Number of protein chains: 4
Amino acid sequence: MADSESDTGGARPHTGRRRNEAARRAILDAALRLLGEAEGDSVTVETIARAAGVGKQTLYRWWPSKGAVLLEALAERAQQAVPAPDHGDLRDDLRAVVAATFAGAQRPPVGPALRTLAREAARDPQLAVLMREFTESRRAALRDVLERGRERGELEPGRDLDLMVDQVYGVFWYRFLLGHGPLDEDTAKALADSLLTGGR
Amino acid sequence: MADSESDTGGARPHTGRRRNEAARRAILDAALRLLGEAEGDSVTVETIARAAGVGKQTLYRWWPSKGAVLLEALAERAQQAVPAPDHGDLRDDLRAVVAATFAGAQRPPVGPALRTLAREAARDPQLAVLMREFTESRRAALRDVLERGRERGELEPGRDLDLMVDQVYGVFWYRFLLGHGPLDEDTAKALADSLLTGGR
Amino acid sequence: MADSESDTGGARPHTGRRRNEAARRAILDAALRLLGEAEGDSVTVETIARAAGVGKQTLYRWWPSKGAVLLEALAERAQQAVPAPDHGDLRDDLRAVVAATFAGAQRPPVGPALRTLAREAARDPQLAVLMREFTESRRAALRDVLERGRERGELEPGRDLDLMVDQVYGVFWYRFLLGHGPLDEDTAKALADSLLTGGR
Amino acid sequence: MADSESDTGGARPHTGRRRNEAARRAILDAALRLLGEAEGDSVTVETIARAAGVGKQTLYRWWPSKGAVLLEALAERAQQAVPAPDHGDLRDDLRAVVAATFAGAQRPPVGPALRTLAREAARDPQLAVLMREFTESRRAALRDVLERGRERGELEPGRDLDLMVDQVYGVFWYRFLLGHGPLDEDTAKALADSLLTGGR
DNA sequence: ATTTAATCGAGACGGTACGTCATGTCTTCGG
DNA sequence: CCGAAGACATGACGTACCGTCTCGATTAAAT
């Protein structure tokens, strides 16, 4: 009965007094998988543990909260990405980064996970900190793009880069969480252009 | 013991088969107070009821969910604002609206309450809907300003106004909730200018 | 699925803010039934609650521990008994009381329940107190029989009645819990006679 | 932090592939100490291991269960006794054995330990078996005394000796565990006399 | 004037998830 | 190869909120 859900392929070998890497993997995988399946609701610590074929205690031993598990699972997945392209043209780079951000957050397993993560972080200060650190790397990547553009003279020297970054991520999170507007490629293009050209 | 916290001044007179306005007030007041106080803890239905000296059923009779109570409590307080100025100059109007938004959300009772409300909305879909409706009026006011500007020719005709609105509120919520950047008058000015002039 | 076990016959009507007597009954009945079935092992709070069709909290609201539930269930069952016969002859009375004690504790639902109760009381001081009070009434009944006998001159005036009582209940509990000797009617007779006649 | 309690004096030298006697001692000592100290709390395997500065496995390698450790710890201490005197007079012998039993169980280190042990045995069937075996020697000693008395004609030939033994140990355990009556020398005398002379 | 009906405070209820604890098994690694 | 260390799966524990329910009282409206 339990196996029908977990499908971990049977017994994991014990690893003695060292952390069992296979268990870690099973937990992270199960967490991400459940998030993708269940649209974010009802992803319980117990559910994750059962799906991973793991005791709850093992989960609590290594992560402070359910959200921390999700975050690590997600961070792993997102490690590879972080494009930070360098075409030599700010407009192109900006469009690419923004579009990649928008697209990346909506692929099946990531979207619900990210949303759930935000929900959890809203209540769990510890997780909020972790998440802030995680997103920081994304912000840094975007800031690099802008800095390169400024050095090439594509931006006014006095421009507030942090504000520009926040305009991108602000729009992203705002629409991502509320869902009242699109986060498609056209929007990405329009947003990038707005930052560079403004509204005149 | 209960009175030490609620301080409703003792017994409320019954109002027979008509809704007891005093109870409604007590609930909203208690809700707002708790929203402001509870920095990290979650605001419980039971807590609100107890603080208001009210049965839980009274709460559920008049509001569909805990979130609805919280939102109404906050909305009452925020009723006044929604400036939507009309100086005849888009830049001035925009700066004014953005600055007012930034400032309004940080006044002592509103700031923490709004933050807690956002936290609650992250978990309570019903509240999320209500909050969306509530913020819609703010967005509409900003959109009006932009539309007037466009009609005066101060914006390119093809500009995506909704995106501009979301840039403002996106930045606002992003910084408001994460607290990693300022929401002062300079920022308001810079943001407004960015929307109009862009970064070249 | 749940109903297959609980068999409470469907929904219990709510009783508002007053304790639900039906729920109390269901809990006590379920507790005793499960004890009888499961030989005492694995009678979990959760199991009792589920079998009674009740939330765990309801159980904890009214009893301090699982053992307290069992005790109350058992005390109810034992209420009627408490023989304390009065044939006018001490030997007859004593034999009757002892035999009744032995027999009563071994009837299907009572035996395992009593054993489990003792197990629980070994760890739960609160329950130990309750149990002491419960058994006190049994001791008192036996003491009454002895006192009547002494008044009739069937016992030496200086005899330590409390010790006699403890000889009866000591043997009872000792054999009941360890199970190394019989607690049948012959034993009862022999024990009663031993107390009166001694070993010469 | 762990050492503050164990205070085993620091590192024990390893003994290679032979059983480490020092570890055995540390475990038994820790067990006895904890049995004596822990008045209400239960004595945990982990607690013993930590207090002895020992891994849990070392414990399970040499003893089948926690209870076995506790019992062995106690048995060692109680080795000496088992008097079984032979004055040639049953009454004297009986009084001596009973008084010794009562007194022995109340000496400072043994009393609380024995009580805790009984508590543990109530939950641990394995320990219960071991304890039964352990107490069997005590029962045998008493039975010997009685048998010698019977052979000397001081007891009716048909007397149920096992029942007499259980009257002694029944009273002992009953009062020892519940503490509602004294276990002093007078009681011992009265109990011995009761067994021989009875109550007329 | 009496009945009817709705509100109110109170809090019990069934339920879901939580995070902790103890058990007994297992494996690593230093000596 | 022993012994320490401690990770692991299991399963019970007791707590926190949720949203629903039923009281008994109180009082306004309908009769």
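In what follows, every chain begins at residue 1, and chains take the letters A, B, ... in the order their sequences are listed. Everything numeric here is computed off the predicted structure, so don't read it as measured data.
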Completion exercise
Stems in DNA chain E, runs of 3 or more consecutive Watson-Crick or G-U wobble pairs with both distances under 3.5 Å, sorted by first number, are E:1-31 with F:1-31
Handout entry: Nearest-angstrom distance from the residue atom CZ of R19(C) to P of dC23(F)
Key = 17 Å
Exercise for the section: Give a yes or no on whether a salt bridge exists between R33(C) and E37(C), defined as a side-chain N under 4.0 angstrom from a carboxylate O. Expected result: yes
Handout entry: Atom pair distance, as rounded to whole Å: CG in L59(A) and C1' in dT10(F)
Key = 15 Å
Completion exercise
Note: for W62(C) and R24(B) on DNA chain E, the residue whose nearest nucleotide lies more 5' is R24(B)
Handout entry: Interatomic distance where CD belongs to E21(A) and P belongs to dG6(F) [whole Å]
Key = 19 Å
Handout entry: Other residues, nucleotides, ligands: >12 heavy atoms within 6.0 Å of R18(C) CZ
Key = no
Practice task
Among the candidates dC13(E), dG9(E), dG14(E), find the nucleotide nearest to the side-chain atoms of R12(B).
Solution key: dG9(E)
Handout entry: Of R61(D) and V54(A), the one whose closest DNA chain F nucleotide lies more 5'
Key = R61(D)
Practice task
Search all heavy atoms of G55(C) against all heavy atoms of A49(C) and return the closest pair with its distance.
Solution key: C-CB, 4.3 Å
Completion exercise
Note: L127(B) and A121(B) closest approach over all heavy atoms is CD2-N, 3.5 Å
Practice task
With the side chain of T58(A) defined as its heavy atoms from C-beta on, choose the nearest nucleotide among dC8(F), dG14(E), dT7(E).
Solution key: dC8(F)
Exercise for the section: May I ask you to decide if V54(D)'s main-chain N or O and T58(D)'s side chain share a donor-acceptor pair within less than 3.5 Å? Expected result: no
Fill in the blank from the handout: I27(C) atom CD1 is separated from dA12(E) atom P, nearest whole Å, by 13 Å
Practice task
Calculate the interatomic distance between R123(B) atom CZ and dT16(E) atom C1'; express it in whole Å.
Solution key: 14 Å
Exercise for the section: Grab the CH2-P distance between W63(A) and dC18(E) for me, whole Å please. Expected result: 15 Å
Nucleotide N/O to protein N/O under 3.5 Å, stretch nucleotides 18-22 of chain F:
residue : atom : partner : partner atom : Å
dC18(F) : OP1  : K66(B)  : NZ           : 3.0
dC18(F) : OP2  : V45(B)  : N            : 2.9
dG19(F) : OP2  : Y60(B)  : OH           : 2.8
dG19(F) : N7   : K56(B)  : NZ           : 3.2
dG19(F) : O6   : K56(B)  : NZ           : 2.6
dC21(F) : O4'  : H14(C)  : ND1          : 3.3
dC21(F) : N4   : Q57(B)  : NE2          : 2.6
dT22(F) : O4'  : G16(C)  : N            : 3.0
dT22(F) : O2   : R17(C)  : N            : 3.0

Practice task
Calculate the interatomic distance between R25(D) atom CZ and dG3(F) atom P; express it in whole Å.
Solution key: 15 Å
